[in-house]
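Please read the structure below before turning to the comments.
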Amino acid sequence: MGNLFGRKRRSRVTEQDKAVLQLKQQRDKLKQYQKRISLHLERERTVALQLLKDGKKEKAKLLLKKKRYQEQLLEKTDNQISNLERMVQDIEFTQIEMKVIEGLKIGNECLNKMHQVMSVEEVERIIDETQDAIEYQRQIDEMLAGSFTEEDEDAILAELDAITQEQIDLPEVPSEPLPEKIPETSPIRVKPKTELVAAS
């Protein structure tokens with residue numbers, strides 16, 4: 001029982017999955033940073049306008065310089081996010097390619113095993129045997145279809161007669177001619193006993 005609970009379950013999460021997750025987390029952090037800077041830039045622009053209204057031109061100028069620098073940072077983060085997303089797509093596509101290659105490898109191994117079982121010579125032998133069987137069947141079909149010579153027909157009829165004679169044993173036909181007609185005779189009359197007694 002200790003083995004049952006103590007056994008480590010194999011994780012399905014690969015190193016590539018971990019890398020993709022980390023890249024996505026970094027992308028999300030950069031997006032949050034972008035959002036924060038965008039809100040900050042809006043506020044600084046409003047403050048710069050207020051400073052100009054108040055006649056504090058130098059302070060407004062300094063604030064706009066800071067704003068410009070942050071806008072440049074924002075552009076850089078756009079590039080970084082784009083790079084991270086491209087990297088994620090490349091890794092995910094490579095994972096798909098690896099699965100395809102793995103499938104091809106398994107298929108190739110399977111084909112090789114099948115080729116070992118069935119050699120080219122074996123296939124040729126089977127094809128030859130099949131062709132012979134087809135040719136033999138064709139000859140039988142032609143014979144049964146009636147493409148016989150006259151000699152074949154005579155031989156078949158003779159064999160048929162021989163088989164018929166073996167199966168039916170009829171009595172021999174008499175060689176003398178039969179009488180033409182049996183002569184008619186008058187019917188014999190039998191006398192009753194009483195007549196016989198009177199006569200004696």
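Remember, predicted model here, so these are calculated numbers, not experimental data. Values below: all heavy atoms of this structure, side chains included; hydrogens, waters and symmetry mates excluded.
- In this structure, Arg86 and Asn83 have side chains that are in contact, with non-hydrogen atoms separated by less than 4.5 Å.
- In this structure, the separation between OG on Ser38 and CZ on Arg43 is 11.0 Å, given to the nearest 0.5 Å.
- To the nearest 0.5 Å, atoms CG (Asn108) and NE2 (His115) are separated by 9.0 Å.
- Comment: Lys24 engages Glu92 in a salt bridge, judged by a side-chain N to carboxylate O separation of less than 4.0 angstrom.
- Contact record, Thr14 with Gln95: OG1-NE2, 3.8 Å, taken as the closest heavy-atom pair.
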Step-by-step salt bridge (Lys or Arg N to Asp or Glu O under 4.0 Å) determination, Glu71 to Arg68: CA-CA 5 Å; Glu71 283 172 346; Arg68 180 68 187 149; 3.4 Å; yes
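- Counting heavy atoms from C-beta on, the side chains of Gln34 and Ile81 come closer than 4.5 Å.
- Around CZ of Arg125, the count of heavy atoms belonging to other residues, nucleotides or ligands within 6.0 Å exceeds 12.
- Summarising the geometry, atom NE2 belonging to His40 is positioned 8.5 Å from atom CD1 belonging to Ile37; distances are rounded to the nearest 0.5 Å.
- In this structure, the side chains of Gln16 and Met98 come closer than 4.5 Å at one or more pairs of heavy atoms.
- In this structure, Glu159 places its CD atom where only 12 or fewer heavy-atom neighbours from other residues, nucleotides or ligands lie under 6.0 Å away.
- Taking each heavy atom of Glu44 and Leu63 in turn, the nearest pair found is O-CD2, 3.4 Å.
- Taking hydrophobic clusters as Ile, Leu, Val, Met, Phe, Trp and Tyr residues chained together by side-chain heavy-atom distances below 4.5 Å, Leu30 does not share a cluster with Leu41.
- Using a 4.0 Å cut-off between charged side-chain N and carboxylate O, Lys31 and Glu85 make a salt bridge.
- With rounding to the nearest 0.5 angstrom, the CG atom of Asp132 is 12.0 Å from the CD1 atom of Ile127.
- Hydrophobic cluster membership is shared by Leu84 and Ile91, with clusters built from Ile, Leu, Val, Met, Phe, Trp and Tyr side chains linked at under 4.5 angstrom.
- Here the straight-line distance linking atom OH of Tyr69 with atom CG of Leu74 works out to 12.5 Å at 0.5 Å rounding.
- Within the structure, side chain to side chain donor-acceptor pair (under 3.5 Å) pairs that include any residue of residues 47-60 comprise Gln50-Asp54 (at least two apart or interchain).
- Considering every non-hydrogen atom in both Ala60 and Ala48, the closest pair reads CB-O, 3.7 Å.
- Annotation: the span from Asp17 atom CG to Leu21 atom CG amounts to 9.0 Å, rounded to 0.5 Å.
- Under 3.5 Å, the side chains of Asn79 and Ser82 contain no donor-acceptor pair of N or O atoms.
- Checked for salt-bridge contact, Lys99 and Glu102 miss the test: no charged N lies under 4.0 Å from a carboxylate O.
- Residues Asp90 and Thr94 approach most closely at O-OG1, 2.6 Å, considering heavy atoms.
- Summarising the local packing, CD of Glu151 is surrounded by 12 or fewer heavy atoms from other residues, nucleotides or ligands at distances under 6.0 Å.
- Salt bridge annotation for Glu15-Lys18: present, with a cationic side-chain nitrogen under 4.0 angstrom from a carboxylate oxygen.
- The pair Lys113-Glu109 does not count as a salt bridge, with every side-chain nitrogen at least 4.0 angstrom from each carboxylate oxygen.
- Residue-environment remark: CD (Gln72) exceeds the threshold of 12 foreign heavy atoms within 6.0 Å.
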